[in-house]
Amino acid sequence: MSPAGPPLRISFYGDVCLHGLDPERYAIDPELRALARGSTLNVANLEGPLTEAADPMSWKAVHLRGAPVASPILEHFDVFSLANNHILDYREAGLRDTMRLLERLGKHHFGAGLDRRSALEPRVVAANGLSVAFLGFTRWQCAGRRSAGTAPDRARPLLRRVRRLREAGHFVVCYPHWNYEYLDVPAPVNRRLGHRLVEAGADLVVGSHPHVLQGLERHQGRWICHSLGNFVFDSEMFSEAERGAGIHTSVVLTATVDANRQVEIELTPVHTDHQGVTLLKGEAGARVLAHVRELSDVLADEREASRRFYRGANQGVGKADQGMAAELREQGLRYLLSRLHRVRAQDLKIKLHGLLGRS
């Protein structure tokens, strides 16, 4: 970046899902619109395809999609990650429709493609004299060598790409869809991956997926934000218990990058529900920021963070097991096989901690 040029401001938002919403009537606070206009780039995770495709993945219990049309919600953003657990809900057709629409609207996208190679391809955006490379990835709906899907979260190829992007002079933003839903502490395995991404050269790591806020930490002087929660989502889709976990509270993270690639961050607290997104001010906003500080402080004590994660994860395992049992009864062996290939060592470790009473 040229020292004479203006600083780069990138605003990151929580998950954006148009399912069940009327995008023409969904209200985004005018002050949040102003924040977006003051940012060079506005980035979000697009949770679910924008399509009229009618052939969903049969084994999934929940299918998300929005209409493939321009809308005031989409207008708010410049860059979308497609690396998430719902982008392939309507198979390759839904992903194709989504990419075509975003490209027609002049929006950048990354994190998914028609094969693994294209899914892993970073999106490079030139802004304010800086070349910004966005790299998205997840553990769900991953692309194959000849099949559409998301960029897989395999550490070795990701770290190799981050190093190459850094060596090429890009400002590297990693945007993982990771961690566990409704838990306010990140998984140890994801924290380690975040650290390794920074060590490989990532300038900023911003995560999504849990639907609730998680803490921030600095590693080797660079920021890792584990989850911003929801930004645009139909809150009526969630159960009463899920709504009580904090899905209505989010923050917008604005990163200002100076001529030396140093990053300063600012958090803007918001309330989100099925009607719109509202800026939180005064005591309400202060409570959200205090909550983020408390979650971030937890991460400073690795042992306590791990204990808190496993305690929360094991409380959720019973509910998940009940849901899986119901789907297994309804769909049979096909559903079980669809789940088994997604099991990771971290999932088994959660189970083990519960069995041994370590949580």
Problem - Residues Glu103, Arg100; criterion salt bridge (charged side-chain N to carboxylate O under 4.0 Å, His left out); working and verdict - result: CA-CA 5 Å; Glu103 289 160 8; Arg100 277 196 293 259; over 6 Å; no
Fill in the blank from the handout: Those residues at least two apart in sequence (or on a different chain) that pass ring pair (Phe, Tyr, Trp, His ring centres under 6.0 Å) with His248 are His271
Completion exercise
Residues joined to Leu135 in its hydrophobic cluster, side chain to side chain under 4.5 Å directly or through other members, sorted by chain and number, are Leu120, Phe137, Leu158, Leu159, Val162, Leu165, Val172, Trp178, Leu193, Leu197, Val198, Val205, Ile224
Exercise for the section: Look only at the side chain of Thr138 and the backbone of Asn84, and say whether a donor-acceptor pair between them is shorter than 3.5 Å. Expected result: no
Exercise for the section: Assess whether atom CD of Glu304 is packed by more than 12 heavy atoms of other residues, nucleotides or ligands within 6.0 Å. Expected result: yes
Exercise for the section: Report yes if some heavy atom in the side chain of Phe80 is under 4.5 Å from a heavy atom in the side chain of Leu50; otherwise report no. Expected result: no
Problem - Interatomic spacing from OG in Ser227 to NE2 in His211 - rounded to 0.5 Å - result: 9.0 Å
Exercise for the section: Identify, with sequence neighbours excluded, every residue that meets salt bridge (Lys or Arg N to Asp or Glu O under 4.0 Å) alongside Asp15. Expected result: none
Problem - Expected output: side-chain Ser306 to main-chain Arg303 donor-acceptor under 3.5 Å - result: no
Fill in the blank from the handout: Residues pairing under ring pair (Phe, Tyr, Trp, His ring centres under 6.0 Å) where one sits in residues 284-308, two or more places apart or in two chains, turn out to be none
Practice task
Please answer whether the main-chain N or O of Glu217 pairs with a side-chain N or O of Ser296 as donor and acceptor at a distance below 3.5 Å.
Solution key: no
Problem - Side-chain (Arg9) to main-chain (Ala255) donor-acceptor, under 3.5 angstrom - result: no
Problem - Donor-acceptor contact below 3.5 Å, side chain His109 vs main chain Ser81 - result: no
Handout entry: Nearest atoms (heavy-atom pairs only) where Ala112 meets Met99
Key = O-SD, 4.2 Å
Exercise for the section: Taking atom types as modelled, find out whether Asn260 and Gln262 have a side-chain donor-acceptor pair closer than 3.5 angstrom. Expected result: no
Practice task
Using atom types as modelled and distance alone, determine if a side-chain donor or acceptor of Arg261 lies under 3.5 Å from a backbone N or O of Asp203.
Solution key: no
Handout entry: Check: Asp234/His274 side-chain N/O donor and acceptor closer than 3.5 Å
Key = no
Handout entry: Lys107 side-chain N/O to Phe77 backbone N/O, donor-acceptor pair under 3.5 Å
Key = yes
Practice task
Taking the side chain as every heavy atom from C-beta outward, state whether Tyr13 and Leu228 have any pair of such atoms under 4.5 Å apart.
Solution key: no
Practice task
Determine whether Tyr175 and Leu204 fall in the same hydrophobic cluster, where Ile, Leu, Val, Met, Phe, Trp and Tyr are linked whenever their side-chain heavy atoms lie under 4.5 Å apart.
Solution key: yes
Problem - Joint cluster assignment, Leu95 & Leu74, ILVMFWY side-chain distance < 4.5 Å - result: yes
Completion exercise
Minimal heavy-atom distance between Gly14 and Ala44, with the atoms involved, is O-CB, 4.1 Å
Problem - Closest non-hydrogen atom pair, His209 against Glu181 - result: NE2-CG, 3.4 Å
Exercise for the section: Examine distances only and state if a side-chain atom of Asn128 and a backbone atom of Leu130 form a donor-acceptor pair shorter than 3.5 Å. Expected result: no
Practice task
Measure the shortest side-chain to side-chain distance between Ser235 and Ile247 over non-hydrogen atoms and say whether it is less than 4.5 angstrom.
Solution key: yes
Exercise for the section: Indicate if Leu295 and Val206 have the same hydrophobic cluster label, given that clusters are the connected sets of ILVMFWY residues with side-chain heavy-atom separations under 4.5 angstrom. Expected result: yes
Problem - Test item: Leu253 and Trp223 side chains (from C-beta on) under 4.5 Å apart, heavy atoms - result: no
Handout entry: Side-chain touch Leu46/Leu102, heavy atoms, less than 4.5 angstrom
Key = yes
Exercise for the section: Would you check if Leu18 and Ser71 make a side-chain contact, meaning some heavy-atom pair closer than 4.5 Å? Expected result: yes
Problem - side chain to side chain donor-acceptor pair (under 3.5 Å) contacts touching residues 276-288 (sequence neighbours left out) - result: Glu31-Lys281
Problem - Glu264, CD: over 12 other non-hydrogen atoms inside 6.0 angstrom - result: no
Handout entry: Residue pair His86 / Gln141, side-chain donor-acceptor N/O under 3.5 Å
Key = no
Practice task
Please check if Ile265 and Val292 belong to a single hydrophobic cluster, counting links between Ile, Leu, Val, Met, Phe, Trp and Tyr side chain heavy atoms closer than 4.5 Å.
Solution key: yes
Exercise for the section: Measure the acute angle between the ring planes of Phe134 and Phe110, then classify it against the limits of 30° and 60° as parallel, tilted or perpendicular. Expected result: parallel
Exercise for the section: Ignoring hydrogens and angles, tell me if any N or O in the side chain of Asn45 forms a donor-acceptor pair with the backbone of Ser208 under 3.5 Å. Expected result: no
Problem - Within 6.0 angstrom of Glu294 CD, more than 12 heavy atoms from elsewhere - result: yes
Practice task
Return the set of residues passing side-chain contact (heavy atoms from CB on, under 4.5 Å) with Arg156 (not counting sequence neighbours), or none when no residue passes.
Solution key: Arg160
Problem - Chi angles and distances behind the side chain to side chain donor-acceptor pair (under 3.5 Å) call for His177, Asn85 - result: CA-CA 8 Å; His177 200 73; Asn85 57 311; 3.0 Å; yes
Practice task
For atom CZ of Arg308, decide whether the heavy atoms of other residues, nucleotides or ligands shown that lie under 6.0 angstrom number more than 12.
Solution key: yes
Exercise for the section: Determine, using the 4.5 Å side-chain heavy-atom cutoff (strictly less than), whether Val124 and Val132 are members of one ILVMFWY cluster. Expected result: no
Problem - Sub-4.5 Å side-chain heavy-atom contact between His219 and Glu199 - result: yes
Exercise for the section: Search all heavy atoms of Asp115 against all heavy atoms of Arg145 and return the closest pair with its distance. Expected result: CB-O, 3.5 Å
Fill in the blank from the handout: Taking every heavy atom of Thr51 against every heavy atom of Ala53, the minimum-distance pair comes out as OG1-N, 2.9 Å
Handout entry: Shortest non-hydrogen contact from Pro56 toward His63
Key = CB-CD2, 3.4 Å
Exercise for the section: State whether the side chain of Asn179 and the backbone N or O of Pro210 hold a donor-acceptor pair below 3.5 Å, judged by distance alone. Expected result: no
Handout entry: Any side-chain heavy-atom pair of Val263 and Phe171 under 4.5 Å
Key = yes
